[in-house]
Peer 1: 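First the structure, then my questions, so here it is.
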Amino acid sequence: MTQVPSYDPAVVEARWQERWARERSNEPDLDRPARPFYNLMMFPYPSAEGLHVGNMFAFTGADIYGRFKRLHGYDVFEPIGFDAFGIHSENYALSVGTHPAKLIPQNIETFRRQLKRFGGMFDWRQELSTTDPRYYRWTQWIFLQLFNAGLAFRKKAAVNWCPKDMSVVANEQVIHGYCERHPDTKVEQRFLEQWFFNITRYAERLLKNLDRLDWSDSTRTLQRNWIGRSEGAELIFETPAGAKIPVFTTRPDTVFGATYLVLAPEHPLVDQLTADEQRRQVNAYRRDVQGKDLVSRRVGDKTKTGVFLGSYARNPATGEAIPIWIADYVLMEYGTGAIMAVPAHDRRDFEFATQFSLPIREVVRAAEPLPSVTEDGVLVNSGEFDGISCRDAQRRIVDWLRAKGLGAPQVQYRLHDWCISRQRYWGPPIPIIHCDRCGPVGVPEQDLPVELPFIEDFRPDASGVSPLARHKEWYFVKCPQCGAQGRRETDVSDTFLDSAWYYLRYPSTEFDDRPWDPKRTATWLPVTSYIGGNEHAVLHLLYSRFVTMVLQELGHVAFEEPFPKLRAHGLIIKDGAKMSKSRGNVVIPDAYIQKWGADTFRMYLMFLGPFQEGGDFRDTTIVGIRRFLEKVWATVHEAAGLTPGTPGSRPGSGLSPAVERKLHETIQKVTADTERLDYNTAISAMMEYVNLLREQGASSRAAVEPLLIMLAPYAPHLAEELWALLRHEDSIFHASWPSYDAKLAAAGDVEIAVQVNGKVRGRVTVARGASEAQVVAVALRDESVRKFVDGQPVKKTIYVQDRLLNFVV
RNA sequence: GCCGGGGUGGCGAAAUGGGUAGACGCAAGGGACUUAAAAUCCCUUGGGGGGUAACCCCCGUGCAGGUUCGAGUCCUGCCCUCGGCACCA
């Protein structure tokens, strides 16, 4: 055997990265692709810390899939960009005292270097950054499309206010009532004029479409829960004075047990319904609640508080007068902001009734102690509906009340309208001009972008007004409609608006006169495959779907779902915990790539667990992957020294039957597993194959070439290097994925387990596809089997082809 | 509380239209090579027991039951754990 040169990943990887860049290998023909495949991954936020191992895990998994598709002859477009606006970046800039406009380009530069180093098949021509005016011009344009369609509106609303960020944050960014970014800072309730997108209008469609999307179930479930559809009824409770109080309930069958009403403290009818002698108490309570943040209102299982209004309403079922209360456990944002309280069959109502000694009337017979919330019971104390099951009663009671004009079926969603206003600096200004005469007026499209002015002191303050208001030349502007003095909107938009459309921009980044080119868009979109984490299951993915739906309605795109196929990858954790800066367990990949090489590191990440489940980062096992690649290196070098017709090789395939069978089996498994993103088991299969080649000394061109192609998505640099060693001029990515012969893969003998009464008592080797009779004959010759059958009559024989034979005696 | 994942060797994990549990990798132990070490290669490795030996037996996939010739896989009831939502009526 000739001396094999050692494998030096640094040299190999630099060589191929340089060559891919020089030959523009990763740049498909965007205008005339034969078989376009848009391979998308979630673009990163360019943090100062650089790309972390979680990003690399996600990108590697997506990149493998893209390269796999390329080897199947697709023109794969794999773009990358940077989600660089937002409070993340701004806060970091504040903490280090550098302007984000200076900081972000540096961070992006670092990310670019890292993304190139790990060997992603990125088309750098189409790189984008959301902070580029050439990009956010169109973010603003999208805002205007929604504004003109009446889907963007201003509303004074209770919003989540983070005192640290000094800004409104979306419900989605409030975690258990605390700020997502400042886990020790409680979010407060404030009332501000905000811009909202009317996403709730699309709730039903967003929910329904999920059924026909090819998405990971985990992601779909998260979105379904987030949209939170509830079916029930709206029931009307009338006051003696004739005021109607609508309530939403999912349990209209329990209406006979409604012994009091509770309104949210902010409910518009409260003033009117408050009796004079209760007014002082009511007002005090309302002030108290307002002073509190939305958060502590939402913390469960605290003692209930509330005040009686001093007035009554009629239960539409029983006709009796029941007291009306206000309490902060009822939320104005959900349903009608008022509930009928059925303390016998609702835990919260029960707590409240107990606290304030309100009557509790059981209307569903139940074995358990109250409150029992079962839906499987039978009604009692419910007049003519006694004895009817809850399920039937739900329909019948609503029909009955409806006939009296006191109720109707109703559907509610948990989803709220999307508040996109941010009183911050680092984002695209909302393209609106406020005019005293005309109201809010959209900036004319030809005046876009409304550039974010450079403001040295971009710190937010507690006024609730964006720093942009302090830039007077920018702030004052003529009304585009009437020409009078107007003022610019000083809020910037939520980062999630930036990322809600970036996939539309990628194929068209070079066009400055349109957000996306119609032809390019028709060619590449919707996205063929989207791979990303479930941390974006409800925010980014829901907003993107919403924006696309609206754009489709307005005729700007031809499809309503941007991501027909989506796969969620798992999470990389460290020492059993999520990686985070505060825990200090964030792994930065650079050192690992330097030590082991990108190919080894990529494969290590894919081997540490199932891609779609994630796993614990434990670097002790990297060496196993390195050993595997060294074996491949050695085997291919040996093969390269051989010429066709070497002794020991068969004419034709040049492979021994055992190697040939294993090869076909391996191709079959690697193909199926890679398609399913089961990368860990695909790698195992390649390892088994290489182990066999080493065992049998069976290195030959015919044995290793298919292996290299299968390995190419996983370890692209090494595969290229060894492919060239085998005297291929062309890149391995111009080769085509090996095919397999299922019959060949399944050829040869099989070992069959022979059971007696379900316990394995012996193993026999027979030709694959052997008949039951043949196997029984062989099995009964087995001494151990005979011992257990022991002359007893065989009552029954169960045969599973090629797997198992079971004698029941 | 509600909605989802998931509990398999010392460790990461394979195997689910029910059919040989532990593939592949790490670690560990033993051996070869070496002055030595590293690297590499070979052997062993779920637990327990038996045999001079090729081998053989019992137990084993969170717990308790069930269905079945046969259960990691299906059913019932629990326990633990991770993620999401959470006073959503």
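Here is the naming used below: chain letters follow the sequence lines, and residue numbers restart at 1 for every chain.
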Peer 1: Using a 4.0 Å heavy-atom cut-off, does A/Phe788 contact any base of the nucleic acid, only the sugar-phosphate backbone, or nothing at all?
Peer 2: sugar-phosphate

Peer 1: Taking the C1' atom of each, how far is B/G12 from B/A28, in whole Å?
Peer 2: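 Looking at atom C1' only, B/G12 and B/A28 are 16 Å apart.
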
Peer 1: Using atom C1' of each nucleotide, how far apart are B/U81 and B/G29 to the nearest Å?
Peer 2: 33 Å

Peer 1: Take atom CZ of A/Phe628 and atom C1' of B/U40, then tell me their distance rounded to the nearest Å.
Peer 2: 18 Å

Peer 1: Run through A/Thr765, A/Val764, A/Asp802, A/Val766 and flag the one making a side chain to side chain contact (heavy atoms under 4.5 Å, CB included) with A/Glu751.
Peer 2: A/Thr765

Peer 1: Please work out if A/Arg761 contacts a base, only the sugar-phosphate, or nothing of the nucleic acid, heavy-atom cut-off 4.0 Å.
Peer 2: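 Result for A/Arg761 = sugar-phosphate.
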
Peer 1: Assign the ring pair A/Phe356 / A/Trp325 to parallel, tilted or perpendicular, where the plane angle (0 to 90°) is split at 30° and 60°.
Peer 2: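 A/Phe356 vs A/Trp325 ring planes: tilted.
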
Peer 1: Closer than 3.5 angstrom, by distance alone: can the side chain of A/Arg626 be matched with the main-chain N or O of A/Gly597 as a donor-acceptor pair?
Peer 2: no

Peer 1: Kindly write out the residues that satisfy side-chain contact (heavy atoms from CB on, under 4.5 Å) with A/His664, not counting sequence neighbours, or none if the list is empty.
Peer 2: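 Partners of A/His664 under the side-chain contact (heavy atoms from CB on, under 4.5 Å) test: A/Glu660, A/Tyr740, A/Asp741, A/Leu744, A/Ala745.
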
Peer 1: Please classify the glycosidic conformation of B/G18 as syn (within 90° of 0) or anti (everything else).
Peer 2: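 You should classify B/G18 as anti.
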
Peer 1: Send over the distance from A/Leu331 CG to B/C85 P, rounded to a whole Å.
Peer 2: 16 Å

Peer 1: Residues in ring-ring contact (aromatic ring centres under 6.0 Å, His included) with A/Phe807, at least two apart?
Peer 2: none

Peer 1: Whole angstrom is fine here: how far is it from CG in A/Asp253 over to C1' in B/A89?
Peer 2: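 So the two atoms are 13 Å apart, to the nearest Å.
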
Peer 1: May I ask you to evaluate whether A/Arg224 reaches the phosphate of B/G84, defined as a side-chain N or O under 4.0 Å from OP1 or OP2?
Peer 2: no

Peer 1: Mind checking side-chain contact (heavy atoms from CB on, under 4.5 Å) for A/Lys759 and listing every partner two or more places apart, or none if nothing turns up?
Peer 2: A/Arg761

Peer 1: Using atom C1' of each nucleotide, how far apart are B/A27 and B/A13 to the nearest Å?
Peer 2: 14 Å

Peer 1: Measure the acute angle between the ring planes of A/Phe496 and A/His536, then classify it against the limits of 30° and 60° as parallel, tilted or perpendicular.
Peer 2: perpendicular

Peer 1: Taking ring-ring contact (aromatic ring centres under 6.0 Å, His included) as the definition, give me every residue that meets it alongside A/Tyr689, ordered by chain and number, with sequence neighbours left out.
Peer 2: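 For A/Tyr689 there are no ring-ring contact (aromatic ring centres under 6.0 Å, His included) partners, ignoring immediate neighbours.
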
Peer 1: What interatomic distance, in whole Å, is found between P of B/G70 and the corresponding atom of B/A21?
Peer 2: 14 Å

Peer 1: Taking any heavy-atom pair under 4.0 Å as a contact, classify A/Lys759: base, sugar-phosphate, or nothing.
Peer 2: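 Touches sugar-phosphate only.
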
Peer 1: Between the protein and nucleotides 2-6 of chain B, are there any N/O to N/O pairs under 3.5 Å, and if so, what are the atom names and distances?
Peer 2:
{"unit_1": "B/C3", "atom_1": "O2'", "unit_2": "A/Asn225", "atom_2": "ND2", "d": "3.3"}

Peer 1: Can you give the dot-bracket line for RNA chain B, where a pair is Watson-Crick or G-U wobble with both atom distances under 3.5 Å, crossing pairs use [ ], and | marks a partner on another strand?
Peer 2: (((((((..(((......[....))).(((((.......))))).(((((....)))))..(((((..]....))))))))))))....

Peer 1: Nearest-nucleotide wise, let me know which of A/Phe807 and A/Leu608 is further upstream toward the 5' end of RNA chain B.
Peer 2: A/Leu608

Peer 1: Checking A/Asn225 now: which residues fulfil side-chain contact (heavy atoms from CB on, under 4.5 Å) with it, not counting sequence neighbours?
Peer 2: A/Thr221

Peer 1: What is the per-nucleotide protein-contact pattern of nucleotides 17-29 of chain B, from the 5' end, where B denotes a base atom under 4.0 Å from a protein heavy atom, S denotes such proximity for sugar-phosphate atoms only, and - denotes neither?
Peer 2: --BB--BBSSS--

Peer 1: In whole Å, measure the gap between the C1' atoms of B/A32 and B/A39 for me.
Peer 2: 14 Å

Peer 1: If you look only at pairs with a residue in residues 244-261 of chain A, which of them pass as a salt bridge (charged side-chain N to carboxylate O under 4.0 Å, His left out), with sequence neighbours excluded?
Peer 2: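 Passing the test, one end in residues 244-261 of chain A: A/Glu238-A/Lys244, A/Arg251-A/Asp253.
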
Peer 1: Just checking A/Thr797: base, sugar-phosphate only, or nothing, at a heavy-atom cut-off of under 4.0 Å?
Peer 2: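 Answer is nothing: A/Thr797 stays at 4.0 Å or more from every strand.
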
Peer 1: Specify the separation, in whole Å, of atom CD1 of A/Ile572 and atom C1' of B/A13.
Peer 2: 14 Å

Peer 1: Output all residues satisfying side-chain contact (heavy atoms from CB on, under 4.5 Å) with A/Ile573, sequence neighbours left out; order by chain, then residue number.
Peer 2: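 Expected list: A/Leu571, A/Asp616.
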
Peer 1: Please state whether the base of B/C69 and the side chain of A/Lys795 form at least one donor-acceptor pair under 3.5 Å?
Peer 2: no

Peer 1: Taking ring-ring contact (aromatic ring centres under 6.0 Å, His included) as the definition, give me every residue that meets it alongside A/Trp633, ordered by chain and number, with sequence neighbours left out.
Peer 2: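 Checked A/Trp633 against ring-ring contact (aromatic ring centres under 6.0 Å, His included); matches are A/Tyr7, A/His637.
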
Peer 1: Rounded to whole Å, how long is the line connecting atom CG of A/Leu415 with atom P of B/C85?
Peer 2: 14 Å

Peer 1: Can you name the residues that form a ring-ring contact (aromatic ring centres under 6.0 Å, His included) with A/Phe611, not counting sequence neighbours?
Peer 2: A/Phe57, A/His569, A/Tyr679

